[in-house]
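Here is the naming used below: chain letters follow the sequence lines, and residue numbers restart at 1 for every chain.
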Protein chains: 2
Amino acid sequence: MQAVSIAEVAKRAGVSTATVSRALSGRGTVSPARKQAVLDAAAALGYVVASNASSLASGRTRNVGVVIPFLDRWYFGQVLEGAQLTLLEAGYDVTLYNLAGGTRARAQVFEQFLLRQRVDAVLAVALELTPHEIARLHQVGKPLVCIGGVIPGVPSLGIDDLAVSELATDHLTGLGHTTIGFIGGKPEVDSDFQLPVQRFDGYRRSLQRAGIEFDPALALYGDFTLDGGYTAAKQLLGAPGRHRPTAISAASDEMAIGAILAARDLGLSVPGDVSVAGVDDYVHSEFFGLTTVAQFPYRQGVEAARVIIDQLDHDRQSPSAISLPHELVVRSSTARPRPHSSPDKTSPGG
Amino acid sequence: MQAVSIAEVAKRAGVSTATVSRALSGRGTVSPARKQAVLDAAAALGYVVASNASSLASGRTRNVGVVIPFLDRWYFGQVLEGAQLTLLEAGYDVTLYNLAGGTRARAQVFEQFLLRQRVDAVLAVALELTPHEIARLHQVGKPLVCIGGVIPGVPSLGIDDLAVSELATDHLTGLGHTTIGFIGGKPEVDSDFQLPVQRFDGYRRSLQRAGIEFDPALALYGDFTLDGGYTAAKQLLGAPGRHRPTAISAASDEMAIGAILAARDLGLSVPGDVSVAGVDDYVHSEFFGLTTVAQFPYRQGVEAARVIIDQLDHDRQSPSAISLPHELVVRSSTARPRPHSSPDKTSPGG
DNA sequence: CTGAAAGCGCTAACAA
DNA sequence: TTGTTAGCGCTTTCAG
């Protein structure tokens with residue numbers, strides 16, 4: 001099937017191609033009668049504008065590039081889905097630049113793909129970039145928004161990772177726990193990725209505010225995985241007597257779920273013997289009855305897309321930093337520490 | 001920063017724009033010396049071809065559209081990542097068309113976005129399409145490949161869902177189980193999505209070959225979720241006495257993991273009292289020691305991308321159906337049924 | 001092997 | 001409000 005051109009629509013509607021363009025794009029003025037004629041003709045012929053010709057002539061592509069470090073993790077899938085759907089709604093395609101392919105692929109993205117003038121804007125998701133990569137991004141010469149990470153001089157949206165972690169721990173201290181373990185992520189040496197550090201600092205600040213002394217022996221790395229959380233929790237909960245924490249604050253829900261499973265395997269009840277709290281509100285968190293501080297990655301994606309659309313369609317600048325909401329969701333994995341060690345019911349699903 | 005045009009490169013290299021184009025694209029012939037001069041000039045100026053101008057002139061976009069029903073599920077993320085990275089490697093961008101946005105968004109994708117002539121080919125992932133949507137896809141007039149689903153007349157890659165499920169159940173019968181429950185997905189009424197049906201049929205065929213009579217009371221729906229699997233397994237395992245299955249074959253790993261957790265909550269040991277097998281090799285399956293029939297969605301994405309690249313870059317047609325591999329992965333959630341009901345060790349991680 | 005030149009299909013001045 | 005027209009930046013005949 002051969003694609004229909006604007007000239008055919010023009011002919012059928014009895015107008016010039018310029019009028020067709022105006023009627024279809026909404027730019028410029030067209031009399032209602034002619035506009036309708038154009039719309040009818042276009043519909044009858046099944047005309048859809050050829051994006052590359054349109055881009056070439058107008059300088060607009062109606063396409064947004066999303067640069068993302070992985071696709072196969074819950075958070076990123078959520079953000080991408082929210083952004084993509086919102087952009088689609090506004091008439092924008094989304095072209096995906098996934099950096100998971102290693103350094104070669106990564107270099108290609110920054111040296112070639114993004115510079116092809118295929119996008120009107122780029123959304124950078126949770127990216128840790130080199131100064132050179134940032135320079136390339138600016139070289140694209142298009143609006144740039146980042147989410148879940150900070151690039152100097154670029155509007156960014158994100159949750160307050162310190163506050164989030166602090167809130168999770170506050171919930172635990174508020175219940176009366178005083179021996180609280182922490183399972184965090186190892187800060188990467190070669191990266192300035194702040195998330196693990198901030199969540200750790202949040203935990204410590206909460207302790208401090210509650211007047212609890214920080215004990216380095218209670219802070220372990222869990223790698224942000226189920227398995228990592230499980231292993232770290234076994235370590236923490238295997239400690240004898242009063243060294244064993246009565247609560248664990250994990251920097252992510254996956255690790256927190258690992259901790260719940262570790263507790264069960266040790267014969268400890270949650271929240272009877274240990275309370276566990278996480279951060280994220282992961283897909284499976286509700287199932288495990290996990291108390292967590294929810295962030296809303298899908299909505300984060302939507303927000304980021306809106307910032308971009310505002311800028312592109314309405315030439316509206318956004319503030320350089322937008323703070324995204326979080327929310328404590330209390331479920332059944334946390335409770336007051338019990339005075340004596342008597343058996344207790346386990347959480348639903350456990 | 002203003003983008004560099006082909007004319008500037010031509011001027012700097014002392015050749016015509018035609019020669020620059022030939023040197024950079026590899027189409028046509030250029031003397032080695034001039035080619036080098038062009039390459040140097042392009043590198044010095046940081047020239048990258050403007051994709052829309054190139055597309056308009058050549059009819060090629062170096063972009064592939066991927067149409068996918070969700071992003072936030074493990075399987076789809078994996079397929080997408082595999083396809084995207086492979087395509088990137090070959091110099092193709094990937095534009096994402098996610099159908100999760102509801103009917104309006106869905107209609108927009110098929111009526112507008114895909115027809116914008118922005119893609120050289122489209123990859124349809126696990127799609128259930130209406131005849132009208134299929135017609136639209138053909139109207140795009142570009143190569144079309146589908147994966148994890150079948151569109152009449154379109155090259156498709158996929159695993160044999162019946163064989164996969166049959167193998168999982170065969171593993172159980174092979175161990176000596178004769179009372180085997182099944183947790184499947186509800187076949188959608190308004191869709192011809194074959195997966196749930198095929199996996200159910202695989203289970204039944206395995207039973208039949210083992211000479212075990214199919215008992216409808218042992219086949220439940222689990223919705224392909226952790227929670228669904230948990231609920232269904234509680235149902236199955238709550239049955240008194242000899243009606244209680246000694247093994248469960250689940251149509252997906254998420255449901256199988258739900259079943260393992262249900263067994264634990266009932267105080268049943270896995271695999272001591274119940275064996276559980278799944279299908280997928282989900283991210284968390286190894287952690288739970290789940291025996292499963294693995295499919296390899298990342299590699300599936302890679303394969304699909306290769307088919308497309310072969311067609312686009314080498315004009316090579318692929319066979320209309322490519323069968324993708326699967327593999328039984330035996331871990332610790334399955335064992336022989338035990339003759340008497342004595343306590344047994346549980347699986348690692350459990 | 002190379003250059004000149006004619007578009008690719010559309011948009012945006014500009015003129016009417 | 002509308003049509004005419006000159007490109008947008010590149011690729012690809014076609015001559016040479």
Side-chain angles (χ1 to χ4, degrees), chain A residues 2-39 41-42 45-63 91 112 115-120 140-142, chain B residues 1-39 41-42 45-63 91 112 115-120 141-142:
Chain A
Q2 184 55 39
V4 181
S5 82
I6 196 173
E8 298 170 58
V9 178
K11 193 159 137 205
R12 177 163 181 137
V15 298
S16 72
T17 61
T19 298
V20 173
S21 176
R22 284 189 281 250
L24 260 27
S25 71
R27 302 171 175 271
T29 48
V30 182
S31 72
R34 301 210 155 184
K35 179 160 185 177
Q36 193 54 54
V38 170
L39 259 27
L45 296 169
Y47 172 76
V48 175
V49 63
S51 64
N52 44 41
S54 173
S55 308
L56 185 56
S58 70
R60 276 170 273 109
T61 65
R62 299 216 70 87
N63 187 31
Q112 299 281 327
L115 300 174
R116 285 184 184 176
Q117 301 169 68
R118 180 164 276 165
V119 299
D120 287 341
V140 175
K142 303 288 178 182
Chain B
M1 232 178 275
Q2 184 53 38
V4 181
S5 81
I6 197 173
E8 297 169 59
V9 178
K11 190 159 138 206
R12 179 165 180 136
V15 298
S16 70
T17 59
T19 298
V20 173
S21 175
R22 285 189 280 250
L24 260 25
S25 71
R27 304 171 174 270
T29 48
V30 182
S31 73
R34 301 208 153 183
K35 179 160 184 175
Q36 193 53 54
V38 169
L39 259 28
L45 296 170
Y47 172 75
V48 174
V49 64
S51 63
N52 45 40
S54 172
S55 308
L56 184 57
S58 69
R60 276 170 271 107
T61 65
R62 298 216 71 89
N63 188 29
Q112 299 281 326
L115 300 174
R116 285 184 186 175
Q117 300 170 67
R118 181 165 274 168
V119 300
D120 288 341
K142 304 289 179 180

Tell me whether the OP1 or OP2 atom of [N] has a side-chain N or O from [X] closer than 4.0 Å.
X: A/Ser54; N: C/dT11; value: yes
X: B/Arg62; N: D/dC10; value: no
X: B/Thr19; N: C/dG3; value: yes
X: A/Thr29; N: D/dT2; value: no
X: B/Arg60; N: D/dT12; value: yes
X: B/Ser21; N: D/dT11; value: yes
X: A/Arg34; N: D/dG3; value: yes

How would you label the contact of A/Val30 with the nucleic acid (heavy atoms, under 4.0 Å): base, sugar-phosphate, or nothing? sugar-phosphate
Which part of the nucleic acid, if any, lies within reach of B/Val49 when heavy atoms closer than 4.0 Å are counted: base, sugar-phosphate only, or nothing? sugar-phosphate
Protein-nucleotide distance ([X], atom [atom1]; [N], atom [atom2]), rounded to Å:
X: B/Lys35; N: C/dC1; atom1: NZ; atom2: P; answer: 11 Å
X: B/Leu56; N: D/dT12; atom1: CG; atom2: P; answer: 12 Å
X: B/Ile6; N: C/dC8; atom1: CD1; atom2: P; answer: 19 Å
X: B/Arg116; N: C/dG9; atom1: CZ; atom2: P; answer: 18 Å
X: A/Leu24; N: C/dT11; atom1: CG; atom2: P; answer: 8 Å
X: B/Lys11; N: C/dG3; atom1: NZ; atom2: P; answer: 16 Å
X: B/Arg27; N: C/dC1; atom1: CZ; atom2: P; answer: 17 Å
X: A/Asn52; N: C/dG7; atom1: CG; atom2: C1'; answer: 14 Å

Would you confirm whether [X], through its side chain, and [Y], through its main-chain N or O, come within 3.5 Å as a donor-acceptor pair?
X: A/Glu8; Y: A/Ser5; value: yes
X: A/Ser51; Y: B/Arg116; value: yes
X: B/Asp120; Y: B/Thr61; value: yes

Start at the 5' end of DNA chain C and walk down; is the nucleotide closest to B/Pro32 or to A/Thr17 reached first? B/Pro32
With nearest nucleotide decided by heavy atoms, which residue, B/Ala57 or B/Arg22, maps closer to the 5′ end of DNA chain C? B/Arg22
Side chain of B/Ala50 only, please: which of D/dG9, D/dT2, C/dA12 is the nearest? D/dG9
Give me the one residue out of B/Val15, B/Thr19, B/Val38 that meets side-chain contact (heavy atoms from CB on, under 4.5 Å) with B/Val30. B/Thr19
Taking every non-hydrogen atom, the tightest pair across A/Lys35 and A/Ala23: CE-O, 3.7 Å
